[in-house]
Amino acid sequence: MLVTMPNPPLDKLSKAFGFCLLFESPDMIFQRTLKAIARSAGESLYNWQYPFYHLGGAGTHNLQSGPGGCPPNSTLTLEAGMRMHLSFVQVGNQGTIDILKPHAELTAGFGMGPFPPAVNNARDSFLDRDMKMCLPGFGGTYYDCDEVEFYFHQRGVVIPPGADSYTVEIYPAQFGVGAGAGGGGGGPGSGSGSLEEELDLACLFKLNY
């Protein structure tokens, strides 16, 4: 793992943690990572002591209803870690214990602080109003782990907890590969692909699951 190397290559470290390095040293990133992986299976992986909760918009997306009658998630609020309510399966950190989670009314996507000047400078100089990172190589839209897992669940890909490897059969069109007449793919929840493709995929899921 990059952060556990005695002397990690600075170019690779910057490529992976460039935004974090604006206000964290490599050792701080290393210690933070160790604390995260030391948590038990019943504890949430959300880091409520981190300065920013929604970098790149992560944790704020409202994914649409999935194929085959899968229920949609509830609208996500700006409170980081808001659970996506699925009646048939738990997703990501759902059902785990949050550690030192602040009250929702006390946050607006930012940690409680107080934080050192470097954090305030990163906020003022490298984040826009939607918390998109204005740093080369780190722009664009991000999804948190719960949103990614829900996106897969919508398409019938349910990976069991603790699995080292897992094989599934997927329908590429459902993931925006060659879907529709325009051939353009869609992001999570975009519903790209024809109705026939979605119905075929729903039948495929029933056979496999």
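Just so you know, these numbers use all the heavy atoms, side chains as well, and skip hydrogens, waters and symmetry mates.
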Response to the item:
Sorted by chain and residue number, the ring pair (Phe, Tyr, Trp, His ring centres under 6.0 Å) partners of Y142 (sequence neighbours excluded) come out as none
Discussion item. Please find the pair of heavy atoms, one from P51 and one from F115, that lie closest to each other, and give the distance.
Written reply: CA-CZ, 3.6 Å
Worksheet item: With sequence neighbours excluded, what pairs up with S165 under the side chain to side chain contact (heavy atoms under 4.5 Å, CB included) test?
Response: none
Worksheet item: What pairs with L34 under side chain to side chain contact (heavy atoms under 4.5 Å, CB included), at least two apart in sequence or on another chain?
Response: F30, Q31, I37
Discussion item. Nearest 0.5 angstrom please: M131 CE to H54 NE2, how far?
Written reply: 6.5 Å
Practice prompt. Would you mind reporting whether V168 and F152 have side-chain heavy atoms less than 4.5 Å apart?
Written response: no
Practice prompt. Report the residues that fulfil salt bridge (Lys or Arg N to Asp or Glu O under 4.0 Å) with R39, sequence neighbours left out, ordered by chain and then residue number.
Written response: none
Item to complete: Report yes or no: do L45 and Y143 belong to one cluster of Ile/Leu/Val/Met/Phe/Trp/Tyr joined by side chain heavy-atom distances under 4.5 Å?
Response: no
Worksheet item: Where do C134 and D128 come nearest, in terms of heavy atoms and distance?
Response: SG-N, 4.0 Å
Worksheet entry | Donor on one side chain, acceptor on other, Y53 and D144, under 3.5 Å | no
Worksheet item: Between W48 and D98, what is the shortest heavy-atom contact and its length?
Response: NE1-OD1, 3.1 Å
Which side-chain N or O atoms in residues 116-127 pair as donor and acceptor under 3.5 Å with protein atoms at least two apart or in another chain?
{"from": "N121", "atom 1": "OD1", "to": "S125", "atom 2": "OG", "distance (Å)": "3.3"}
{"from": "S125", "atom 1": "OG", "to": "N121", "atom 2": "O", "distance (Å)": "3.1"}

Response to the item:
Between the CG atom in N47 and the OG1 atom in T33, the distance rounded to the nearest 0.5 Å is 9.5 Å
Item to complete: Only pairs at least two apart or in different chains count here, so list each salt bridge (charged side-chain N to carboxylate O under 4.0 Å, His left out) that has a residue in residues 22-32.
Response: E24-R32
Worksheet item: By side chain to side chain contact (heavy atoms under 4.5 Å, CB included), which residues pair with S14, not counting sequence neighbours?
Response: L21
Worksheet item: Under the side chain to side chain contact (heavy atoms under 4.5 Å, CB included) test, which residues partner P9, sequence neighbours left out?
Response: L2, M5, D11, K12
Worksheet item: Using 30° and 60° as the class limits, which term best fits the ring planes of Y50 and F52: parallel, tilted or perpendicular?
Response: perpendicular
Worksheet item: Rounded to the nearest 0.5 Å, how far does OG1 of T167 lie from CD1 of I159?
Response: 10.0 Å
Worksheet item: Under 3.5 Å, is there a donor-acceptor pair between the side chain of E43 and the main chain of A38?
Response: no
Item to complete: Answer yes if L10 and M28 sit in the same cluster of Ile, Leu, Val, Met, Phe, Trp and Tyr residues linked by side chain heavy atoms under 4.5 Å apart, and no otherwise.
Response: no
